[in-house]
Number of protein chains: 2
Amino acid sequence: MDRHTAQRQAIREVFQAARRPLSPPEVLQRTAARLPQVGQATVYRTINRLLEEGWLRPVLQPGGVTCYELAGLDHHHHFRCRRCTQVFDIPGCLLGDPRKRMPQGFKVEDHEVWLFGLCQACAKAAP
Amino acid sequence: MDRHTAQRQAIREVFQAARRPLSPPEVLQRTAARLPQVGQATVYRTINRLLEEGWLRPVLQPGGVTCYELAGLDHHHHFRCRRCTQVFDIPGCLLGDPRKRMPQGFKVEDHEVWLFGLCQACAKAAP
DNA sequence: TTATTAATGATAATTCATTATCATATAGAG
DNA sequence: CTCTATATGATAATGAATTATCATTAATAA
């Protein structure tokens, strides 16, 4: 049976409030702001449960930690700030039709676009 | 001082022959075809040296092992086969201008495009 | 050819993210 | 309210990639 706990509720609300992909340490930090005693094992366990439920999905960074975002968002891409390493959503799709450039016989099923640079806050702080 | 060894030469030739990014285990396997006694430590050490020399550059996969490719190739993107996990080059750039979709104040410096699906060999084998 | 010193190979150690363990706390059924 | 099974928190263990160690090998300067 599935019990409703303060930890799970808080972690869900953290993701809903973030509006961007979060890493497990980020989830821990934000959840601990409300439940200071929360442990990282609970964060990992809850993330895994929310993945199984289809409420979250993984965001696999090139050369970065795995983050998680709400499942069911519209197709979009991601931006990572090289200074603060936070990941942000870029709405819409930036990709042209890949098929015209593919080698013969390759079947494209999915794609990802990653943008890198400075986020608004870091661009101001380190111009 | 820099000594010329059969291992280094072989590893360089493996990268030049591959024409796609290689993971350290792939480099080890291909190098061992010529130098059966080669150790993985030598592969890692040599890759690091070739990176420092600017002869290789890292290819960081989303959710995959780090691969390496020849530095100085023209701008291109990458395809990963979900069946054999090999990475292939996609020549040219598939990206539209990202600036029109960026949130205010973000500075885009770089980008990556990843395509996923089945490579030619795997598409034939598992249709 | 010899001496020296960098490179190698085998393997131990490290790192970092994630998972397992287990005693305790607590949600929710009755 | 009481009971029981699930969830939690602290921490140990794991797994995978990479790096360090060190005795041995071998490239190259003299």
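So you know, we letter chains A, B, ... as the sequences are listed, proteins then strands, and number each from 1. What you see is a predicted model, and the numbers here were worked out from it, not measured in a lab.
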Can A:Gln86 and A:Arg80 be counted as having a side-chain donor-acceptor contact under 3.5 angstrom?
no
Listed once per pair and sorted, the ring-ring contact (aromatic ring centres under 6.0 Å, His included) pairs that draw on residues 33-76 of chain A, sequence neighbours left out:
A:His75-A:His77, A:His75-A:His111, A:His76-A:His78
Looking only at the side chain of B:Gln7 (C-beta and beyond, no hydrogens), which of the listed nucleotides C:dG28, D:dG9, C:dT8 gets closest?
C:dT8
Does the base of D:dT28 carry an N or O that pairs as donor and acceptor with the side chain of B:Arg3 under 3.5 Å?
no
Nearest whole Å is fine: how far is C:dA6 P from B:Glu52 CD?
15 Å
Please figure out whether A:Gln40 or B:Gln37 has its closest DNA chain C nucleotide nearer the 5' end.
B:Gln37
With DNA chain D as reference, determine whether B:Tyr44 or A:Thr42 sits nearer its 5' end, using the nearest nucleotide of each.
A:Thr42
Distance, rounded to the nearest Å, where A:Tyr68 contributes OH and C:dA17 contributes P:
12 Å
So, OP1 or OP2 of C:dG9: does either fall under 4.0 Å of a side-chain N or O from B:Arg45?
no
Considering non-hydrogen atoms only, spot the tightest contact between A:Phe79 and B:Met102 and give its length.
CD1-CE, 3.5 Å
In this structure, how many angstroms lie between the P atom of D:dT28 and the CD atom of B:Gln9, rounded?
12 Å
Would A:Arg20 and A:Phe88 count as a cation-pi pair here, with the cationic atom under 6.0 angstrom from the ring centre and within 45° of the axis?
yes
Between A:Thr5 and C:dT26, does any side-chain N or O lie under 4.0 Å from OP1 or OP2?
no
Could you check how far CG of B:Leu28 sits from P of D:dA16, rounded to whole Å?
17 Å
Closest to the B:Ala41 side chain, choosing from D:dA10, C:dA10, D:dT28
C:dA10
Measure the distance from CG on B:Leu51 to C1' on D:dT18 and round it to the nearest whole Å.
13 Å
Flag the pair B:Val59 / B:Thr66 as yes when at least one side-chain heavy-atom distance between them is below 4.5 Å, and no otherwise.
no
Rounded to whole Å, how long is the line connecting atom CZ of A:Arg8 with atom C1' of C:dT26?
12 Å
How many whole angstroms separate atom CG of B:Asp2 from atom C1' of D:dA27?
11 Å
When the distance from CZ of B:Arg49 to P of D:dT19 is rounded to whole Å, what number comes out?
14 Å
